[in-house]
Student: 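Attaching a single structure in structure tokens format; questions to follow.
All chains are named by letter (A, B, ...) in the order of the sequence lines, taking the proteins before the strands, and each is independently numbered beginning at 1.
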Number of protein chains: 2
Amino acid sequence: MSDHPAQFTIGRLAKAADVNIDTVRFYERQGLLQPAPRTAGGYRLYGTADAQRLQFIRRAKTLGFSLEDIAELLRLTEDGHDRGKIKAIAQKRVADLESRIRELEKMRSVLAHHAGHCSGHGEVSGCPIIQALLDEPAA
Amino acid sequence: MSDHPAQFTIGRLAKAADVNIDTVRFYERQGLLQPAPRTAGGYRLYGTADAQRLQFIRRAKTLGFSLEDIAELLRLTEDGHDRGKIKAIAQKRVADLESRIRELEKMRSVLAHHAGHCSGHGEVSGCPIIQALLDEPAA
DNA sequence: TTAAAGCCTGGAGTCTACTCCAGGGTCAAT
DNA sequence: ATTGACCCTGGAGTAGACTCCAGGCTTTAA
């Protein structure tokens with residue numbers, strides 16, 4: 001039986017998840033992690049479930065969820081909720097991502113178009129990029 | 001000859017450009033707008049060139065430029081610079097947009113994949129979205 | 001003349017997600 | 001017992017781009 005510690009302090013937890021130690025305390029204050037039990041001296045003690053929860057948070061963040069979204073996901077995983085809400089949150093996030101992507105693509109194409117018409121030398125006045133910013137109707 | 005006012009106060013300028021009046025003052029503090037001349041009583045006075053400059057800022061923002069970028073673009077349009085730097089800034093911005101778009105698309109595809117495997121009903125435990133967040137290797 | 005609308009300043013507050021700090025206790029090893 | 005690594009708290013600071021406020025002038029129109 002491997003005998004890795006069932007309990008560890010905040011520093012180890014932070015290191016294992018590769019987050020700043022202050023971030024762990026911050027997540028606790030934000031309600032993303034439960035308040036940990038303490039040693040007699042006041043040190044927080046964590047277990048493997050906490051490490052898993054912290055990984056959950058990290059992964060959700062890489063998918064672009066805000067901490068508020070993540071807090072809701074975590075809440076939904078606890079009580080006896082069903083998958084409907086989870087799926088709804090995920091789909092809303094997908095939709096948000098798609099609309100943001102469309103926005104950025106529009107910016108990109110407009111700007112690339114202007115840049116493509118700029119020779120890159122000569123005086124500024126008349127530069128197509130600047131002209132576009134001066135003259136085009138406001139978006 | 002149309003006789004629209006050559007000079008106007010901050011409120012009119014803000015309204016014309018559809019920005020908050022405090023935003024105009026903020027841009028002045030940030031150096032994006034020149035300090036306006038004042039009336040005897042201390043009111044800022046603006047002309048059409050200022051309105052154009054404010055539009056420039058708004059349009060650049062819709063293309064995703066930061067205020068810092070915009071400040072630089074404005075500086076470059078003033079002195080006798082050439083188009084090289086302008087084009088370089090625009091191209092860097094295009095590259096930034098592209099990398100951001102790729103990031104978001106990756107998030108979108110991963111999340112859409114998980115959501116596509118979630119039935120949307122039944123208990124949370126076993127939901128593919130949650131499972132993915134719990135089990136997948138950290139990104 | 002007087003009231004309303006508009007403007008002034010300096011500074012604080014908002015949002016997100018941390019990150020850092022000082023001053024001081026705790027824990028493990030020597 | 002002492003050292004050094006580790007942890008505690010409360011609070012402040014960061015970035016970006018505003019936005020709002022109080023208290024108090026100025027301008028304009030009736």
Side-chain angles (χ1 to χ4, degrees), chain A residues 5 7-33 35-46 50 53-54 56-74 93 96-97 100 103-104 107 139, chain B residues 5 7-33 35-46 50 53-54 56-74 93 96-97 100 103-104 107 139:
Chain A
Q7 305 260 82
F8 34 92
T9 55
I10 193 169
R12 274 180 223 293
L13 177 67
K15 201 161 192 181
D18 195 28
V19 301
N20 189 299
I21 193 170
D22 281 322
T23 300
V24 178
R25 297 195 187 103
F26 173 72
Y27 287 166
E28 182 182 299
R29 281 201 300 286
Q30 296 302 110
L32 294 169
L33 296 174
R38 306 292 185 110
T39 66
Y43 282 24
R44 288 171 181 81
L45 285 178
Y46 295 98
D50 298 294
R53 196 174 170 108
L54 192 46
F56 182 105
I57 295 169
R58 274 172 51 76
R59 285 171 200 143
K61 271 170 52 62
T62 69
L63 293 178
F65 286 102
S66 68
L67 293 191
E68 194 182 344
D69 287 337
I70 296 171
E72 183 163 12
L73 287 176
L74 286 167
R93 179 75 204 126
D96 288 348
L97 284 167
R100 183 66 183 145
E103 271 178 25
L104 294 182
M107 290 179 195
Chain B
Q7 304 260 80
F8 34 92
T9 55
I10 194 169
R12 275 181 222 292
L13 176 67
K15 202 163 193 180
D18 194 29
V19 300
N20 189 299
I21 194 169
D22 281 321
T23 300
V24 177
R25 297 194 188 104
F26 173 72
Y27 286 167
E28 181 182 299
R29 281 200 300 285
Q30 298 301 111
L32 294 168
L33 297 174
R38 306 292 185 110
T39 67
Y43 282 24
R44 288 172 182 81
L45 286 177
Y46 295 99
D50 299 294
R53 197 174 169 106
L54 192 46
F56 181 105
I57 296 169
R58 274 172 50 76
R59 285 172 200 141
K61 271 171 52 61
T62 69
L63 294 178
F65 285 103
S66 68
L67 293 190
E68 194 183 343
D69 287 337
I70 296 171
E72 182 163 13
L73 287 174
L74 286 167
R93 180 75 204 127
D96 288 349
L97 285 166
R100 183 68 182 143
E103 272 178 25
L104 294 182
M107 291 180 194

Student: Answer yes or no: is there a side-chain heavy-atom contact under 4.5 Å between A:I10 and A:Y46?
Tutor: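 Yes; the side chains approach each other to less than 4.5 Å.
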Student: Is A:T9 close enough to D:dC6 that one of its side-chain N or O atoms is under 4.0 Å from OP1 or OP2 there?
Tutor: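 So the side-chain polar atoms of A:T9 never come under 4.0 Å of the phosphate oxygens OP1 or OP2 of D:dC6.
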Student: Between C1' on D:dG16 and CD on B:E72, what's the gap in Å once rounded to a whole number?
Tutor: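 Nearest whole value for this atom pair: 17 Å.
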Student: For B:E103, enumerate each residue passing the side-chain hydrogen bond (donor to acceptor under 3.5 Å, both in side chains) test, keeping only those at least two apart in sequence or located in another chain.
Tutor: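 Once residues adjacent in sequence are excluded, the partners of B:E103 under the side-chain hydrogen bond (donor to acceptor under 3.5 Å, both in side chains) criterion are B:R100.
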Student: Could you list the donor-acceptor pairs under 3.5 angstrom formed between side-chain atoms of residues 17-29 of chain A and any protein atom two or more places apart in sequence or on another chain?
Tutor:
| unit_1 | atom_1 | unit_2 | atom_2 | d |
| --- | --- | --- | --- | --- |
| A:N20 | OD1 | A:D22 | N | 2.7 |
| A:D22 | OD1 | A:R25 | NH1 | 2.9 |
| A:E28 | OE1 | A:R44 | NE | 3.0 |

Student: Which distance, rounded to the nearest 0.5 Å, do you find between the OG1 of B:T9 and the CG of B:L13?
Tutor: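 The CG atom of B:L13 is 8.5 Å from OG1 of B:T9, to the nearest 0.5 Å.
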Student: Rounded to whole Å, please give me the gap between CD in B:Q30 and P in D:dA17.
Tutor: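 So the CD-P distance, B:Q30 to D:dA17, works out to 9 Å.
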Student: At under 4.0 Å between heavy atoms, how does the protein contact nucleotides 15-27 of chain C? Give one character per nucleotide, 5' to 3', with B, S or -.
Tutor: --BBBB----BBS
Student: Starting at CD1 of B:I70 and ending at C1' of D:dA17, how long is that distance when rounded to a whole Å?
Tutor: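 Nearest whole value for this atom pair: 11 Å.
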Student: Which residues pass the side-chain contact (heavy atoms from CB on, under 4.5 Å) test with A:E68, sequence neighbours left out?
Tutor: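 Testing A:E68 for side-chain contact (heavy atoms from CB on, under 4.5 Å), a comparison that skips the adjacent residues, returns A:S66.
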Student: Is the phosphate of D:dT27 approached by B:R44 (side-chain N or O, under 4.0 Å from OP1 or OP2)?
Tutor: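 No, outside the criterion.
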Student: Using whole Å, report how far OH of A:Y46 lies from P of D:dC6.
Tutor: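 My rounded result for the distance is 16 Å.
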Student: In whole angstroms, how far is the C1' atom of C:dC7 from the CD atom of B:E28?
Tutor: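 Atom CD in B:E28 sits about 13 Å away from atom C1' in C:dC7.
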Student: Of all residues at least two apart in sequence or in a different chain, which pass the salt bridge (Lys or Arg N to Asp or Glu O under 4.0 Å) check with B:R93?
Tutor: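 None.
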